[in-house]
Amino acid sequence: MNQNASSSVENQENHSIGYGVYILVWLSLVVFTGLTVAVAGVDLKALAVTVALSIAATKSILVLMYFMHLKYEPPLFRTLVVVVVVALATFIILTFLDILFR
Amino acid sequence: MNKPVSLTAEAHHSDETGAKLGMWLFLFTELLLFGGMFLLYSIYRSEHAHEFFLAATELDTFIGTVNTLALLTSSLTVAISIEALRRGSRKITIAMLIITIILGIVFMINKYFEWSAKIHHGIYPGGAKLLSMSDGEMLFFNLYYVMTGLHGIHVLVGLGVLSFMLYFVSKRPGKKINLDYETLSQIRGANLEVVDEKGQKIDDIGLIDNDVEDVDIKFKYAQVPSKMDKSNIIKLENSGLYWHLVDIIWIFLFPLFYLVS
């Protein structure tokens with residue numbers, strides 16, 4: 001499916017996305033929001049942050065791929081997003097290494 | 001690479017990709033701006049886990065959840081408005097943009113009440129109650145004000161951008177034709193009139209005498225899809241990208257501030 005999307009990128013006018021797809025994505029986002037609120041009530045100890053951030057990351061990927069059309073853009077766009085996110089993650093990891101092993 | 005269907009279609013296509021790429025590059029700078037703050041948050045949180053946990057109980061999860069739903073729904077409506085504009089359904093575009101703007105305003109109103117209640121209780125930078133709290137709780141609330149404040153400014157900017165788009169999409173499409181000196185020399189001495197298809201005079205432009213150097217003629221089309229201003233699509237797409245980014249940032253702010261308790 002992904003392959004299909006990227007090869008049809010040449011002709012932008014052709015890949016019309018149905019309103020139904022958007023509504024499904026929105027429904028999933030609402031479900032994930034409910035999930036993250038419900039999970040916050042459960043005492044997960046150290047796992048709580050991991051779970052909350054995983055849900056937030058999943059929601060963001062849905063917004064990026066569908067609402068922000070990344071799925072239908074040339075591969076360059078997805079590559080750039082990955083590079084920026086990895087760069088940000090590197091900053092965070094390096095800073096934590098500094099704090100923890102100072 | 002496929003052969004371009006026509007030269008103009010290809011030119012339009014590459015222009016659109018370039019415009020979007022530019023918007024994405026801007027969004028990356030925004031991401032790193034907020035990224036720095038998320039970094040600050042995670043370090044202080046790792047150092048003051050318990051205080052962050054206590055401070056977060058002061059925040060109203062209900063308002064936070066309502067605001068999350070408002071922004072998620074506004075992302076949906078802005079995505080639909082773009083798709084509708086691509087399909088030429090101007091009325092759906094306008095309706096969806098209005099709903100998006102209303103949801104953005106709802107978000108800001110909730111934020112106003114939330115902040116007012118905190119400030120009223122003395123929880124604001126330099127406020128009596130905040131100063132009596134532990135270092136960790138102080139850090140939590142200072143980060144809360146800076147991060148949700150900066151995010152709120154982005155919502156306001158987004159609302160401004162979407163309001164301009166609402167105006168651009170609602171405006172009747174038109175264009176301007178300029179009759180220059182050369183063209184006018186062919187009709188010099190004549191009286192210029194605007195007539196309808198039956199030859200009935202609608203308006204009188206006047207005598208083109210030797211003093212007239214050039215004439216601008218402005219057209220306004222009826223609101224039909226074929227005359228729609230195509231440049232609005234890419235403008236609305238880029239505005240939508242900005243709005244979605246604001247939504248994504250909130251997707252992270254919400255659990256980190258409201259759900260850590």
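Throughout, protein chains are lettered first and strands after them, A, B, ... in sequence-line order, and every chain is numbered starting at 1.
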Q. Looking at side-chain heavy atoms only, is the closest gap between B:Asp247 and A:Met68 below 4.5 Å?
A. no
Q.
Using every non-hydrogen atom in the two residues, find where A:Leu88 and B:Gly35 come nearest and quote the distance to one decimal.
A. CD1-CA, 3.7 Å
Q: Let me know if B:Ala84 has heavy atoms under 4.5 Å from chain A in its side chain, its backbone, both or neither.
A: both
Q: Output the distance between atom CH2 (A:Trp26) and atom OG (B:Ser74), rounded to the nearest 0.5 Å.
A: 11.5 Å
Q.
Using heavy-atom distances under 4.5 Å, tell me whether A:Leu76 contacts chain B through its side chain, its backbone, both, or neither.
A. side chain
Q.
Heavy-atom pairs under 4.5 Å with chain A - which of B:Ile233, B:Leu69, B:Leu72 has more of them than the others?
A. B:Leu72
Q.
Taking the side chain as everything from C-beta on, heavy atoms only, tell me whether A:His69 gets closer than 4.5 Å to B:Leu241.
A. no
**Q.** Pick from B:Leu39, B:Val78, B:Thr68, B:Ile80 with the largest number of heavy-atom pairs that fall under 4.5 Å of chain A
**A.** B:Leu39
Q: Measure distances from B:Leu71 to the heavy atoms of chain A and classify the residue's part below 4.5 Å as side chain, backbone, both or neither.
A: neither
**Q.** Minimum heavy-atom distance between A:Ser60 and B:Phe252, given as atom pair plus value
**A.** OG-CE1, 3.0 Å
(Q) Please check if the number of heavy atoms outside A:Phe91 that lie under 6.0 Å from its CZ is greater than 12. (A) no
(Q) Side chains of A:Phe96 and B:Ser42, heavy atoms from C-beta outward: is any pair under 4.5 Å? (A) yes
Q) Do the side chains of A:Ile99 and B:Glu47 get nearer than 4.5 Å, heavy atoms only? A) yes
Q.
So, taking the atom named OH in A:Tyr22 and the one named CE in B:Met96, what distance separates them when rounded to the nearest 0.5 Å?
A. 12.5 Å
Q | Test item: A:Val49 and B:Val260 side chains (from C-beta on) under 4.5 Å apart, heavy atoms | A | no
Q. Is there a side-chain contact (heavy atoms from CB on, under 4.5 Å) between B:His244 and A:Tyr66 once you walk through the steps?
A. CA-CA 11 Å; B:His244 294 310; A:Tyr66 291 93; over 6 Å; no
Q | Max heavy-atom pair count under 4.5 Å with chain B, selected residue of A:Thr33, A:Val85, A:Val39 | A | A:Thr33
Q) Should A:Leu80 and B:Leu21 count as side-chain neighbours, where that means a heavy-atom distance under 4.5 Å? A) yes
Q. Can you tell which of A:Ile61, A:Leu64, A:Leu62 makes a side-chain contact (heavy atoms from CB on, under 4.5 Å) with B:Ile248?
A. A:Leu64
**Q.** B:Tyr44, OH: over 12 other non-hydrogen atoms inside 6.0 angstrom
**A.** no
Q. Chain A: which of B:Leu31, B:Thr65, B:Leu256, B:Thr73 shares the most heavy-atom pairs with it under 4.5 Å?
A. B:Thr73
**Q.** B:Phe254 side chain near A:Val37 side chain, heavy-atom distance below 4.5 Å
**A.** yes
Q) Would you say A:Val81 and B:Phe28 make side-chain contact, with heavy atoms under 4.5 Å? A) yes
Q) Closest heavy-atom contact between A:Phe67 and B:Ala79? A) CD2-CB, 3.9 Å
